[in-house]
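Atoms within each ligand, like the ligands themselves, are counted from 1 in listed order. One is the number of the first residue; the rest follow in order along the sequence.
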Amino acid sequence: MRVAVIGLGYVGLPLATTFAEAGFHMTGIDVDQKKIDQANRGESYIADVPSSQLKRLVETGYLSFTSDYAVLDEQDAVIICVPTPLGKTRDPDISYVLSAVQVVRAHLHQGQMVILESTTYPGTTDEIALPELASTGLKVGVDFFLAFSPERIDPGNPTYNMANTPKIVGGMTETCTELTTALYAAAIERVVPVSSTRVAEMSKILENTFRAVNIGLVNEIAIICAKLNISVWEVIDAAATKPFGYMRFLPGPGLGGHCIPVDPQYLSWKLKMLDYNTRFIQLSSEINRSMPQYVVDKIGDALNEQRRSFNGSVVLVLGAAYKRNIGDVRESPALDIMQLLLERKCTLVYNDEYVPSLAVDDQTFHSQPLTSELLQTADCVVIVTDHSYYDISWIVEHAKSIVDTHNVTGGRKDKKILTI
Ligand SMILES: NC(=O)c1ccc[n+]([C@@H]2O[C@H](COP(=O)([O-])OP(=O)(O)OC[C@H]3O[C@@H](n4cnc5c(N)ncnc54)[C@H](O)[C@@H]3O)[C@@H](O)[C@H]2O)c1
């Protein structure tokens with residue numbers, strides 16, 4: 001079978017590779033010519049896809065990349081993995097999905113399967129994709145087959161990858177579900193068919209809302225514990241000894257990435273149209289979005305301890321990406337923390353091996369090598385991302401004061417460390 005993947009980012013490139021590995025003839029399509037050229041040379045730009053694997057699949061002819069949609073004419077199936085961000089007003093920006101569906105429409109032919117993987121609100125497949133594709137005159141479930149199958153990839157996860165993470169599939173018709181299930185079952189260990197595209201769309205949003213709400217809860221517990229002068233880390237460790245009915249979530253500087261902070265807002269938006277207020281989503285979002293400010297308040301406390309003010313202090317931020325071992329800064333709370341520090345006239349320095357440079361407040365910053373000299377020059381060190389390669393004992397030895405947003409210190413009672 002020939003299968004095309006539209007959108008070759010964190011989701012699309014690993015997906016194309018997994019399918020090529022299973023013996024499909026894969027074509028990756030992207031509007032970003034740089035990605036296409038790089039991938040065709042066998043050079044991976046996604047950490048979870050090794051260049052050696054990409055190169056082998058390109059050389060053996062199982063995988064090729066193009067920005068020319070004309071190849072869609074020859075594809076038996078098309079999988080759409082384009083972004084679904086929020087617009088400026090934090091409403092869903094569905095424009096990438098719409099434009100991808102429109103190009104698929106222009107090449108839709110008898111027998112073709114179309115699968116949407118981008119995370120979105122329930123109803124996107126039947127309200128947006130279906131009318132567009134059906135306007136060709138081809139009939140869904142008979143002439144072409146349409147399904148939604150949410151992506152569950154967890155970038156940087158060494159245990160779970162695309163092939164060993166169960167995949168949910170919901171088709172527009174029973175035949176659509178059957179065919180899509182058969183397609184994925186050839187590359188993925190376990191496929192879970194559900195009764196409709198809406199169930200598949202909603203299940204993904206439930207997974208991400210579950211995380212957002214629980215992180216919001218544990219962040220509030222962290223604030224409560226600080227007020228009560230109790231170590232939240234000790235409380236969590238104690239609660240987590242319960243072998244049933246409790247799941248360990250950790251507090252931190254806020255939510256990041258393209259999924260957890262964004263996807264629940266898609267559901268909220270959809271429900272607003274039905275005059276329903278999604279309260280858990282709103283409340284957890286409010287708490288999670290307030291965490292960068294909470295961290296900055298802690299930085300103020302740490303500086304105050306040293307009789308210093310924000311204005312003129314050098315603050316070193318460790319970790320810019322939203323989680324360890326990846327270079328993705330989308331929605332990263334580190335960016336909000338840096339922005340707030342700049343507004344308070346701090347001199348900002350950061351280190352993140354995976355993020356060589358970044359823009360905050362129209363200024364470009366470059367990751368600085370983490371040396372003892374750098375630590376000496378900083379009035380305060382803020383550990384935002386728990387990157388496993390940070391040698392915390394060494395940092396503690398050299399830094400003047402530390403604000404630690406994670407449990408890296410193991411609850412050590414060190415005066416110069418403020419844990420959150
Ligand atoms: N990143 C994750 O961990 C993750 C996990 C699960 C689900 N998702 C969902 O998967 C979807 C994709 O996320 P991502 O992180 O891979 O995004 P991404 O930004 O890394 O990649 C998207 C790619 O699509 C390309 N693109 C945009 N419009 C296009 C078009 N019309 N034609 C061809 N290419 C186009 C972009 O150039 C980009 O390379 C989103 O809906 C996201 O919510 C992401």
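Geometrically, ligand 1 and Tyr69 share a nitrogen or oxygen pair separated by less than 3.5 Å. Considering backbone and side-chain atoms alike, Arg330 places an N or O below 3.5 Å from some N or O of ligand 1. Checked by distance only, ligand 1 and Asp32 stay at 3.5 Å or farther apart across all their nitrogen or oxygen atoms. In terms of polar-atom proximity, Tyr10 is counted as a contact of ligand 1, with an N or O under 3.5 Å from an N or O of the ligand. Ligand 1 has a nitrogen or oxygen under 3.5 angstrom from a nitrogen or oxygen of Asp30.
Short contacts between ligand 1 and Cys259, defined as distances under 4.0 Å to a heavy atom of the residue, involve ligand atoms 2 (C), 4 (C), 5 (C), 6 (C), 7 (C), 8 (N), 44 (C). Atoms of ligand 1 found under 4.0 Å from any heavy atom of Lys35 (numbered from 1 in listed order, with element): 38 (C), 39 (O). Atoms of ligand 1 lying under 4.0 Å from any heavy atom of Tyr96, numbered from 1 in the order shown and given with element: 27 (C), 28 (N). For ligand 1, the atoms sitting less than 4.0 Å from at least one non-hydrogen atom of Ile6 are 32 (N), 33 (C), numbered in the order shown with element in parentheses. Atoms of ligand 1 found under 4.0 Å from any heavy atom of Pro155, numbered from 1 in the order shown, are 3 (O). Close approach of ligand 1 to Ser99 (heavy-atom distance below 4.0 Å) involves ligand atoms 31 (N).
Of the candidates Leu13, Thr84, Val82, Val82 brings a heavy atom nearest to atom 11 (C) of ligand 1. Which of Gly12, Gly28, Cys81 comes nearest to atom 12 (C) of ligand 1 through a heavy atom is settled by distance: it is Cys81. With atom 43 (O) of ligand 1 as the reference point, the heavy atom nearest to it among Leu8, Val97, Thr119 is part of Thr119. Between Pro83, Ser67, Pro14, Gly7, it is Pro83 that holds the heavy atom closest to atom 27 (C) of ligand 1.
Of the N and O atoms on the side chains of Arg2 and Thr27, not one donor lies less than 3.5 Å from an acceptor on the other residue.
Asp126 meets the salt bridge (charged side-chain N to carboxylate O under 4.0 Å, His left out) test with Arg198; sequence neighbours excluded. Residues meeting the side-chain hydrogen bond (donor to acceptor under 3.5 Å, both in side chains) test with Asp32, sequence neighbours left out: none.
Classification of Glu286 and Arg279 as a salt-bridged pair fails, no side-chain N sitting under 4.0 Å from a carboxylate O. Salt-bridge formation is not detected for the pair Glu207/Arg211: no Lys NZ or Arg NE/NH1/NH2 atom is positioned less than 4.0 Å from an Asp or Glu carboxylate oxygen.
Ile79 contributes atom CD1, which lies 5.0 Å from atom CG of Leu15 (distance to the nearest 0.5 angstrom). From Thr18, atom OG1 reaches atom CG of Leu57 across 9.5 Å, with rounding to the nearest 0.5 Å. Atom CG of Leu179 is separated from atom CD1 of Ile115 by 9.5 Å, given to the nearest 0.5 angstrom.
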Query raised in the report: Should Glu201 and Thr125 be marked as a side-chain hydrogen bond (donor to acceptor under 3.5 Å, both in side chains) after you check the CA-CA gap, both sets of side-chain angles, and the distance that decides it?
Result: CA-CA 9 Å; Glu201 290 161 335; Thr125 312; 2.6 Å; yes
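Residue Glu117 places no heavy atom under 4.0 Å from ligand 1.
Of the protein's non-hydrogen atoms, the one nearest atom 42 (C) of ligand 1 is His258 CD2, 3.2 Å. When only non-hydrogen protein atoms are considered, atom 16 (O) of ligand 1 lies nearest to Val11 N, 2.9 Å. Remark: minimum distance from atom 21 (O) of ligand 1 to any protein heavy atom is reached at Gly9 CA, 3.1 Å. For atom 6 (C) of ligand 1, the nearest non-hydrogen atom of the protein is Glu151 O, 3.3 Å.
By the 6.0 Å contact criterion, CZ on Phe249 is enclosed, its count of non-hydrogen atoms from other residues, nucleotides or ligands being greater than 12.
With respect to Leu340, the side-chain contact (heavy atoms from CB on, under 4.5 Å) criterion is satisfied by exactly one of Val360, Val296, Leu335, Asp361: Val296.
In terms of heavy atoms, Val104 sits closest to Leu133 at CG1-CD2, 4.1 Å.
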